[in-house]
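First up is the structure itself, then whatever we jot down about it.
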Amino acid sequence: MTPKIPPIYHLADEVIRARQHGTALVALESTVITHGLPQPENLALARNMENAVRKQGATPATIAILDDKIHVGLAESDLERLAAAEDALKISLRDFATALLQHKLGGTTVAGTMFAAHQTGIRVFATGGIGGVHRESRLDISTDLKALAEIPMIVVCAGAKSILDLPATLEYLETMGVPVVGYGTDTFPEFFSPPGKLPVSVRLDSPAEIVRFAESHWALGMKSAVLVCQPVPAADALPAEEVIPAEEQASREAIEQGIGGQKLTPFLLGRVKELTGGKSMQANLALLKNNAALAGKIAVEMSKKTQKMA
Ligand code: PSU
Ligand code: MN
């Protein structure tokens, strides 16, 4: 059964086929292309993430706004346009109508991607790090957390950056009933760095276990996402002692320069990259690819069950 898709969506042919046959699909975000990484790394990364999903036997569906439609699955030329765009909007839940009305290109955040993926029946999504509660302002809480509370899908990430207030971010997720799964770890991965001391809500060690867990969560009637957190590959990890001073400096500069709202995350990422001499970006690229591969495995595992039921 393939539910009807609202007409504002444009699905790539391979996404349509995967839906028809019930084969594995993985949603990918595009803010990382339009706002998260510089050129030319952004385009290379977008292709690498798609390839990592394909290698597992799943179909990638990168989501973005182009030509007045929400695209699910992008052509190579679409990826190129997004990667080169200077005036693309960052699309969280409040921003879809703005981009459509103003005929702008848009890179979808974790929240934006989850929304569009859910509307088009995709249940697995890979990203780098989720947004969270910022340290700079008590009310700057990413819409990603609201989306995780309300949209039932598996989101694979490398935790969140320690630029954020991580204890507050985890408290928020707990309040909202979002399971935080440590993939092969008992503590919450901190993006560029190895997992620190904050506990996850459950540790799971295989894609099959993750699928069983998520199905049980939803079978109970829960409506939230299941957040799967995978540590950055050890070889690419940056020690916390190296990252934290850079993040603290970036955070101070943001306050001094009055940078807030949607601009804050890109500003912090850019400064941390400069202050670590580019090492943070290497870690970022490695973890993104690694998360796409795990999401591919999870989606394949999930589709085996769907196909058995059909
Ligand atoms: N973390 C990163 N790179 C990114 C983002 C987060 O390391 O590009 C993006 C994601 O798309 C995430 C968004 O959903 O930033 C969160 O932004 P905000 O805090 O404004 O909600
Ligand atoms: Mn914010």
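One is the number of the first residue; the rest follow in order along the sequence. Only heavy atoms go into these numbers, but all of them, side chains included; no hydrogens, no water, no symmetry mates. Note that the structure is a prediction, hence the values are computed from the model and not measured. In each ligand, atom 1 is the first atom listed, and ligand 1 is the first ligand listed.
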Distance under 4.0 Å, heavy atoms only, partner ligand 1: which residues pass?
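The 4.0 Å shell around ligand 1 contains Glu29, Thr31, Val32, Gly36, Lys90, Thr109, Val110, Gly129, His134, Ser142, Asp144, Lys161, Phe191, Thr265, Leu269.
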
Taking only residues two or more places apart in sequence, or in another chain, which ones meet Asp68 in a salt bridge (Lys or Arg N to Asp or Glu O under 4.0 Å)?
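None.
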
For Thr23, is there any backbone N or O sitting under 3.5 Å from a side-chain donor or acceptor partner on Ser303?
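The answer is no, because no donor-acceptor pair under 3.5 Å joins these two groups.
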
Check Glu274 with Arg271, please: is the shortest side-chain N to carboxylate O separation under 4.0 Å?
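Yes, this pair counts.
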
Regarding Lys304 and Glu301, does a basic nitrogen lie under 4.0 Å from an acidic carboxylate oxygen?
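Salt bridge flag = yes for Glu301 with Lys304.
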
Straight-line distance of Leu264 CG to Ile163 CD1, nearest 0.5 Å:
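So the CG of Leu264 and the CD1 of Ile163 are separated by 8.0 Å.
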
Rounded to the nearest 0.5 Å, what separation is found between the CG atom of Asp144 and the CD1 atom of Ile151?
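Those atoms lie 10.0 Å apart.
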
If I only include protein atoms of type N, O or S, how many are less than 2.8 Å from the Mn ion (ligand 2)?
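Those protein atoms number 1 in total.
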
Look at atom CG of Leu220 and say whether more than 12 heavy atoms of other residues, nucleotides or ligands are closer to it than 6.0 Å.
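Counting other residues, nucleotides and ligands, CG of Leu220 exceeds 12 neighbours.
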
Worked check of side chain to side chain contact (heavy atoms under 4.5 Å, CB included) between Leu37 and Leu285:
CA-CA 9 Å; Leu37 292 169; Leu285 297 176; 3.7 Å; yes

Could you pull out all donor-acceptor pairs under 3.5 Å where a side-chain atom in residues 87-95 meets a protein atom, sequence neighbours excluded?
residue, atom, partner, partner atom, Å
Lys90, NZ, Gln262, O, 3.0
Asp95, OD2, Ser92, N, 2.9
Asp95, OD2, Gln262, NE2, 3.3

